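A note on names: the letters A, B, ... follow the listed sequences, proteins ahead of strands, and every chain is numbered from 1. Every value quoted in this text rests on a predicted model; they were computed, and no experiment measured them.
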There are 2 protein chains.
Amino acid sequence: MNKEDSPTGRTPTLADVARVAGVSTATVSRFLNSPDRVIEETRNRVRAAVSELGYAPNFNARALAAKRTNTIGAIIPTMENAIFARGLQAFQEELGHNGITLLVASSSYQMNVEEEQIRTMVSRGADALLLIGYRRDPEIYEFLRRRGVPVVTTWVFDPDAGIPTVGFDNFQAMKALADKVISLGHRRIATIMATTEGNDRASERLKGIVAAMADAGLPETDLSIIETTYGIDEGGAALEQLLALPTRPSVVMCGNDVLAVGVIARAKEMGLNVPEDLSVTGFDDIEIAKISSPPLTTVHVPHRRMGKEAARMLINLVGSNTRRENIQIETSLQMRGSLAGCVNRPSVADGS
Amino acid sequence: MNKEDSPTGRTPTLADVARVAGVSTATVSRFLNSPDRVIEETRNRVRAAVSELGYAPNFNARALAAKRTNTIGAIIPTMENAIFARGLQAFQEELGHNGITLLVASSSYQMNVEEEQIRTMVSRGADALLLIGYRRDPEIYEFLRRRGVPVVTTWVFDPDAGIPTVGFDNFQAMKALADKVISLGHRRIATIMATTEGNDRASERLKGIVAAMADAGLPETDLSIIETTYGIDEGGAALEQLLALPTRPSVVMCGNDVLAVGVIARAKEMGLNVPEDLSVTGFDDIEIAKISSPPLTTVHVPHRRMGKEAARMLINLVGSNTRRENIQIETSLQMRGSLAGCVNRPSVADGS
DNA sequence: TTGTAGGCGTTATCAC
DNA sequence: GTGATAACGCCTACAA
């Protein structure tokens with residue numbers, strides 16, 4: 001039982017430190033928040049008292065009194081796959097450099113869960129919020145506006161969104177890939193997407209494919225669409241549905257890399273060669289895209305830069321130094337082995 | 001400008017609700033926390049006032065007054081790969097069923113960062129903590145004990161750890177796999193592990209391999225060890241180091257699936273056939289293990305069950321219904337294509 | 001530079 | 001059942 005064993009039997013408070021140091025609570029508070037406003041001699045006494053008591057400030061009390069938490073919240077659709085990991089990592093690093101803590105929650109792609117979490121974050125005092133995509137109930141934006149909580153949305157870019165966006169144009173990005181696919185001779189195109197309802201990224205990507213087909217004069221009926229949740233196994237299951245259709249696609253364009261990798265794996269299990277029998281594309285260019293075999297053709301997204309820029313904008317907004325703006329991140333096509341030209345063989349392979 | 005536009009110009013408080021409903025703040029508080037202790041008639045008035053004002057309770061004030069947050073914190077080594085994702089998901093679900101919120105932070109496998117985050121979580125009022133592994137500075141456990149914050153560690157099982165563990169025996173699990181590898185004829189074994197310093201899971205897994213070799217009478221010099229950070233590319237880089245050594249291993253046993261998949265990918269790039277030229281094993285059995293080609297032989301860990309059990313124990317500890325205990329989760333070998341028997345060919349393949 | 005004192009929004013202990 | 005009212009731990013004018 002050393003001297004550090006809680007002398008009072010409870011966790012030390014500011015007042016305890018003040019008493020031990022022989023100063024007022026105000027001085028201790030200053031020592032903690034702006035040490036330069038405390039004279040050296042006093043500083044030492046307080047510092048000693050702090051470490052003697054093992055004092056740690058009570059965050060909730062601080063937030064209550066200061067109306068500021070130095071905390072920014074991020075709500076992402078999922079933590080189960082690595083789609084958002086890298087961007088969030090960069091986001092967190094940038095916040096860390098500015099002494100800001102990140103709080104993360106995941107909504108499982110459910111809008112009502114997300115709303116709940118937005119309210120929770122706000123009631124916990126988050127100074128600002130990072131959200132994925134911009135399409136959500138206007139009421140929630142109204143709520144945030146009234147509470148004065150700045151928001152930035154990412155993974156999308158849209159100057160007309162009404163709120164700051166830091167991201168890329170999902171429509172154009174996917175259209176560019178679809179253009180490429182079509183130029184390689186593919187006509188029977190299938191796509192596996194996240195449920196597009198309430199998911200602007202997915203629905204815009206889908207529109208991108210449709211637009212590319214329209215440009216090429218392909219009938220919309222040549223496009224088979226399956227909506228599913230994101231996951232490797234889900235991708236595989238979707239592929240099976242696709243192959244049960246009367247006309248077998250020559251290419252499957254997936255809404256993200258996770259689905260695509262699942263498709264490739266299942267295709268191989270089913271005895272199909274990728275890309276000879278079936279081409280596959282993804283979206284995101286996360287790590288598994290490279291290690292898939294064949295490696296995955298996909299849309300490269302500069303996740304880290306996106307996360308960093310979002311953090312910077314949010315930090316500015318909290319300091320209210322800036323008006324809102326939008327930052328566009330450029331994506332690029334990442335060609336790899338999973339996409340090949342289409343020789344337009346009949347939909348049911350024969351032995352000839 | 002409708003009636004909901006903040007009437008007072010600031011966010012509504014309990015007192016505002018009380019005023020509008022014509023009751024005391026105590027009653028509103030009761031309405032919020034134990035509605036059954038308020039008579040129906042009053043309840044309705046309060047309910048109306050709440051929704052009229054768009055009132056939402058201030059979490060920090062609540063925590064300050066109640067000394068309880070209904071929040072449990074989890075600190076994991078990384079969010080960058082999916083190792084902890086599934087377990088954490090199950091953990092969160094179980095907490096959710098009990099009205100508890102989960103706060104997640106990641107430490108990037110750095111002990112000092114983790115300590116910092118533990119202190120942050122506590123000062124934010126987390127009612128309890130979930131940590132990965134048990135090996136850390138005793139001072140931090142002392143800190144938690146003094147603050148009365150229950151802790152459960154997971155991904156390890158050790159009744160002697162001094163704190164509750166919900167997990168598996170890393171030593172035995174890896175030893176079982178190594179036994180199998182050796183029984184297949186492998187002698188020149190290499191291993192790629194996370195830095196074992198401060199990482200009990202990694203160091204125990206390594207010991208498991210060493211023990212298996214000892215049991216088989218293999219000299220310890222037959223084991224090449226490379227320590228690296230977890231990541232796909234890191235696995236690939238480690239493989240290159242390994243292949244530069246004078247005696248080429250016939251099998252690479254990796255500390256986790258992420259490394260192993262990286263090894264397989266790089267091996268193929270280098271023109272090696274897996275498992276003919278080189279066998280590879282992992283640990284965890286996360287999703288990529290299945291989609292790797294060849295699919296990965298690994299140690300299966302029941303992540304979801306582990307997460308769920310940890311949540312239950314933590315919930316009990318917060319209610320202080322229980323004394324601490326330990327729960328062992330059984331792992332199993334998951335044999336797949338990346339591991340084959342060793343024909344003990346010379347370390348440098350020739351054309352014969 | 002430092003101290004005093006009021007307030008932040010809830011909860012909880014009492015009486016009534 | 002309901003209402004005062006004192007905590008909870010910290011911040012921040014304002015004074016000294």
Side-chain angles (χ1 to χ4, degrees), chain A residues 6 8-47 49-50 53-71 119-120 122-125 127 147-148, chain B residues 6 8-47 49-50 53-71 122-125 127 147-148:
Chain A
S6 43
T8 68
R10 52 181 185 69
T11 73
T13 72
L14 239 201
D16 295 327
V17 176
R19 197 174 316 118
V20 171
V23 297
S24 75
T25 59
T27 298
V28 179
S29 177
R30 282 189 209 101
F31 167 80
L32 259 23
N33 300 303
S34 35
D36 40 317
R37 304 189 55 191
V38 175
I39 205 170
E40 166 105 31
E41 138 82 21
T42 316
R43 224 154 37 195
N44 293 142
R45 292 225 308 282
V46 177
R47 196 194 328 277
V50 165
L53 295 174
Y55 168 79
N58 179 315
F59 177 87
N60 297 112
R62 174 177 286 189
L64 185 58
K67 295 170 176 289
R68 197 163 192 293
T69 59
N70 279 322
T71 295
R119 296 201 143 83
T120 299
V122 170
S123 87
R124 276 174 178 270
D127 294 333
R147 303 290 270 227
Chain B
S6 43
T8 67
R10 50 179 187 70
T11 72
T13 71
L14 240 200
D16 295 327
V17 176
R19 197 175 316 120
V20 171
V23 298
S24 74
T25 59
T27 299
V28 180
S29 179
R30 280 190 211 100
F31 166 80
L32 261 22
N33 300 303
S34 35
D36 40 315
R37 305 188 55 191
V38 175
I39 205 169
E40 167 104 33
E41 138 81 19
T42 315
R43 227 155 32 197
N44 294 141
R45 291 223 310 282
V46 177
R47 198 193 329 276
V50 165
L53 295 173
Y55 167 79
N58 178 315
F59 176 87
N60 297 113
R62 175 174 283 188
L64 185 58
K67 294 167 176 291
R68 198 163 191 293
T69 58
N70 280 321
T71 295
V122 170
S123 88
R124 277 174 178 273
D127 294 334
R147 303 291 269 227

Integer-rounded Å distance: C:dT1 C1' and A:Phe31 CZ: 15 Å

Please give, in whole Å, the distance from C:dT2 C1' to A:Arg37 CZ? 10 Å

Within the 4.0 Å heavy-atom criterion, would you say B:Ala26 contacts the bases, only the backbone, or no part of the nucleic acid? base

Do the side-chain N or O atoms of B:Thr13 get closer than 4.0 angstrom to the phosphate oxygens (OP1, OP2) of C:dG9? no

Considering every strand and a 4.0 Å limit on heavy-atom distances, what is the contact class for A:Tyr55: base, sugar-phosphate, or nothing? sugar-phosphate

Under 4.0 angstrom, heavy atoms only, what part of the nucleic acid is A:Val28 near: base, sugar-phosphate, or nothing? nothing

Side-chain N or O of A:Thr25 less than 4.0 angstrom from OP1 or OP2 on D:dC10? no

Sugar-phosphate only, base, or nothing, as touched by A:Leu64 at under 4.0 Å among non-hydrogen atoms: base

Side chain of A:Pro57: nearest nucleotide among D:dC10, C:dG9, C:dT2? D:dC10

Both A:Ser29 and B:Ile39 contact DNA chain D. Taking the nearest nucleotide for each, which residue is further toward the 5' end? B:Ile39

Between B:Asp127 (side chain) and B:Thr69 (backbone), is there a donor-acceptor pair under 3.5 Å? yes

Does B:Lys67 put a side-chain nitrogen or oxygen below 4.0 Å from OP1 or OP2 of C:dT10? no

Using a 4.0 Å heavy-atom cut-off across all strands, classify A:Asn33 as base, sugar-phosphate, or nothing. sugar-phosphate

Just N and O in the side chain of A:Ser24: are any of them under 4.0 Å from OP1 or OP2 of C:dT4? no

Measure distances between side-chain N and O atoms of B:Arg43 and base N and O atoms of D:dG1, and say whether any donor-acceptor pair falls under 3.5 Å. no

What integer distance in Å separates B:Arg30:CZ from C:dC14:C1'? 11 Å

Report yes if some heavy atom in the side chain of B:Leu64 is under 4.5 Å from a heavy atom in the side chain of A:Asn58; otherwise report no. yes

Could you state the atom-to-atom distance from CG of B:Leu32 to C1' of C:dA12 in whole Å? 15 Å

Does B:Thr27 put a side-chain nitrogen or oxygen below 4.0 Å from OP1 or OP2 of D:dT2? no

Report the distance from atom CZ of B:Arg62 to atom C1' of D:dA7, rounded to the nearest whole Å. 17 Å

